[in-house]
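Let me begin by presenting the structure, written as structure tokens, before commenting on it.
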2 protein chains.
Amino acid sequence: MKDRISAYDVAEKAGVSQSTVSRVLNNYPFMKETTRQKVLNAIEELGFTRDEIARSLASKKTRTIGLILGDITNPFFSESAKVITRKAQEMDYNVILCNTNHSEENLNKYIQTLMGKRVDGIIVASADKDNQKIKELYDQGFPIILYNSIMEHDQANYIAVNNYKGAQLAVEHLYHFNHREISYIAGPSKYVTTHLRNLGFKDALDKYGLKMNEKFIYDREFSYDEVYLFARNLLNQQSRPTSFFASSDQMALAVLDAAASEGISVPDQLSVVGFDDIDLAKNQFIGLTTITQPKEKMAMLTLEKLVALIEEKEHVDAPIQIVLEPELISRKTTGIYKS
Amino acid sequence: MKDRISAYDVAEKAGVSQSTVSRVLNNYPFMKETTRQKVLNAIEELGFTRDEIARSLASKKTRTIGLILGDITNPFFSESAKVITRKAQEMDYNVILCNTNHSEENLNKYIQTLMGKRVDGIIVASADKDNQKIKELYDQGFPIILYNSIMEHDQANYIAVNNYKGAQLAVEHLYHFNHREISYIAGPSKYVTTHLRNLGFKDALDKYGLKMNEKFIYDREFSYDEVYLFARNLLNQQSRPTSFFASSDQMALAVLDAAASEGISVPDQLSVVGFDDIDLAKNQFIGLTTITQPKEKMAMLTLEKLVALIEEKEHVDAPIQIVLEPELISRKTTGIYKS
DNA sequence: CTGTTAGCGCATTCAA
DNA sequence: TTGAATGCGCTAACAG
């Protein structure tokens, strides 16, 4: 590879100084139009593009943000990532993507790496409750926002849906459809998101006077295969649940998969409610009943707020703490239970 | 935010020079163990992390690669991205994610940006045929690999599946199930990938003596909604196709969606074949018949080869041009046509 | 084995 | 309106 063309090369060709080149690159307004043109021409002829690394070092800004996701193959995350990257491009930011596979170790490692890369801000879409690193960043005033999660910290920035209420809506829906035996794919309560959904689920059971069957609760790590096996096993039991509430649509799909493998038809013999309202849930071949999150809105808002934090850190105002309302959308995977 | 801690601060605290600090950071082997410890302690106490930006500027390496995708919400891409980011982390690389939404303008813009960011290499998973920018990079010897696509250029690096053959397998399968009226969701032939699938499709029709019905071919841009409408419209016609072959599983889902909306049952009244074998295709609630791509293998290979190109550019060997074999997996969305 | 020195390619004062 | 000089925080010779 031939040597790169630097601003000095351009300067020489244009017969000006490097700082003048820098000025036209940065749209400095007070310049003679002719010199600007000379520089522009030289840039054109040489095919020069500035070195963003050097620029970052000098300016202490990278115009890059880190996006930490739990699992990019979960449509909830990828659909969010799509919105965030599009918006980022519009605002002239780049996105470094990090996939933790739901491991806190990875999360910490990624935060470390991103800080080393001097990203201007971070969006965390898969935060463990009380994560220490994140709290440190809040304390330092570093621009960081939790997406789809909240954190109890007076400086915490987050944008999420009311997960507690979402879970309640699910139980309510199933209850009204005469379901009394509800299996719950909860996921580990180490995440605030799932923790809140778990609380909502339990309180809703209480409200309707239903007892919780521990055997019907899956509280291990999110894993398609594990949930598939769990559901399949449960469906083979003598006293099997009449319905499932899954803490994510992805996991609801695993339940549907398991049901299909056992020849159990949905919704006739089994009802399933998900959470997230991924695009696929709308697909009429599937028609998953689920709890909506205003993903698009949340994602846009998250990026906008983050950029605001980055670019106008002067007036830090109050921390950003936004909680949106979920909604239940009834489709084809739930039906009235007939005993 | 308080001032960052630099290697000089560490050096001072440890009572050594900054270059010594740099040495321990880079695991330079010939050092007195005691000084190494002094430095390590100072690093620990100060909570120092090195500035990767400065490091990149000085070393001319960023340990970052660009990953350009057509659509992150298409599981084929997100599943590939997952493998690539995991592998990248293992090899101590970061990934900047770019989502083109299948627009060549975006592709070019992103390539530009990534080059400005001085990424060490680029993976393009959504390349337009004959893209000029990509060719330039090949000419310069810049490490760039096409994933799931090929390019006719003597220095092109690519890893893909035999798309021509894949399409043929699909037609063959449908033909053996007595389907004679096959609709094809082709996508625009400006992508090499789809172009080859289109060729395979047409040649297969010829082989079986089937005539191509232009009205059954969708050759516009990949868009879920557009394909949905196209399929729905077709299914409403008097002489509707008995089967669909979609150039991606994502588009096959759109067809299933349309069929469901028209109350047409699959596979009894309609057969559907996809392409990619996304995880969801295996879901028994759906059971999509499709053409497999060895995604995992392809993705791993792509990253490994790219890193090889980056790190050992001395022996550039022959260009990397790997074409893997596809396979048809018959599941629940295809059945024998009974007239 | 360790310190000194000179860049990397820009942005950004300060003068002129 | 422009140029010269300095430094961002590190790596990488080169001495010693």
Side-chain angles (χ1 to χ4, degrees), chain A residues 1-40 42-43 46-64 92 113 115-120 311, chain B residues 1-40 42-43 46-64 92 113 115-120 311:
Chain A
M1 295 199 40
K2 53 194 170 210
D3 257 19
R4 302 212 71 265
I5 295 147
S6 79
Y8 281 98
D9 301 328
V10 176
E12 192 177 13
K13 179 149 195 120
V16 298
S17 75
Q18 178 266 324
S19 42
T20 297
V21 175
S22 178
R23 287 196 184 91
V24 345
L25 253 20
N26 293 298
N27 296 312
Y28 184 71
F30 312 113
M31 300 185 62
K32 219 196 298 182
E33 191 51 33
T34 54
T35 57
R36 181 190 302 280
Q37 277 309 328
K38 275 194 299 187
V39 173
L40 252 23
I43 288 176
L46 266 42
F48 165 81
T49 37
R50 81 178 143 200
D51 188 323
E52 294 293 340
I53 293 292
R55 179 169 149 89
S56 294
L57 182 61
S59 69
K60 295 174 159 305
K61 287 179 175 50
T62 54
R63 295 204 77 81
T64 301
D92 199 24
T113 313
M115 293 307 290
K117 290 247 178 218
R118 298 291 172 271
V119 293
D120 295 337
E311 296 181 356
Chain B
M1 294 198 46
K2 54 196 169 207
D3 256 17
R4 302 214 72 266
I5 294 146
S6 79
Y8 280 98
D9 301 328
V10 176
E12 191 177 16
K13 178 148 196 125
V16 298
S17 77
Q18 179 267 325
S19 48
T20 298
V21 174
S22 177
R23 287 197 184 91
V24 347
L25 252 21
N26 293 301
N27 297 313
Y28 183 72
F30 311 112
M31 301 184 62
K32 217 196 300 181
E33 191 50 33
T34 54
T35 56
R36 179 190 302 280
Q37 276 310 327
K38 273 193 301 186
V39 173
L40 252 22
I43 288 175
L46 267 40
F48 165 82
T49 36
R50 81 176 142 200
D51 188 323
E52 295 292 340
I53 294 291
R55 180 170 147 88
S56 294
L57 182 61
S59 68
K60 296 172 159 305
K61 287 179 176 52
T62 55
R63 297 205 75 81
T64 301
D92 199 24
T113 312
M115 294 307 290
K117 290 246 177 220
R118 298 292 172 268
V119 294
D120 295 338
E311 295 180 357

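No experiment lies behind these values; they were computed from the predicted model shown. So you know, we letter chains A, B, ... as the sequences are listed, proteins then strands, and number each from 1.
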- Note on the structure: Contacts of B/S56 meeting side chain to side chain donor-acceptor pair (under 3.5 Å) (sequence neighbours excluded), chain-then-number -> none
- Sequence neighbours excluded, which residues qualify as salt bridge (Lys or Arg N to Asp or Glu O under 4.0 Å) partners of B/R50? B/E52
- Message: Regarding B/T64 and A/K117, do their side chains bring together a donor and an acceptor under 3.5 Å, going by distance alone?
- Response: yes
- Considering residues at least two apart in sequence or located in another chain, which fulfil the salt bridge (Lys or Arg N to Asp or Glu O under 4.0 Å) criterion with B/K38? none
- Query: Pairs in or reaching into residues 9-28 of chain A: which pass ring pair (Phe, Tyr, Trp, His ring centres under 6.0 Å), with residues at least two apart or in two chains?
  - Reply: A/Y28-A/F30
- Message: For DNA chain C, which residues of residues 27-37 of chain B approach it to below 4.0 angstrom with any heavy atom?
- Response: B/Y28, B/F30, B/M31, B/K32, B/T35
- Could you write nucleotides 4-11 of chain C as a row of B, S and -, 5' to 3', where a protein heavy atom under 4.0 Å of any base atom gives B, of only sugar-phosphate atoms gives S, and otherwise -? B--BBBBB
- Query: Under 3.5 Å, is there a donor-acceptor pair linking the side chains of B/R55 and B/N26?
  - Reply: yes
- Query: B/R4 versus B/D9: any side-chain heavy-atom pair under 4.5 Å?
  - Reply: no
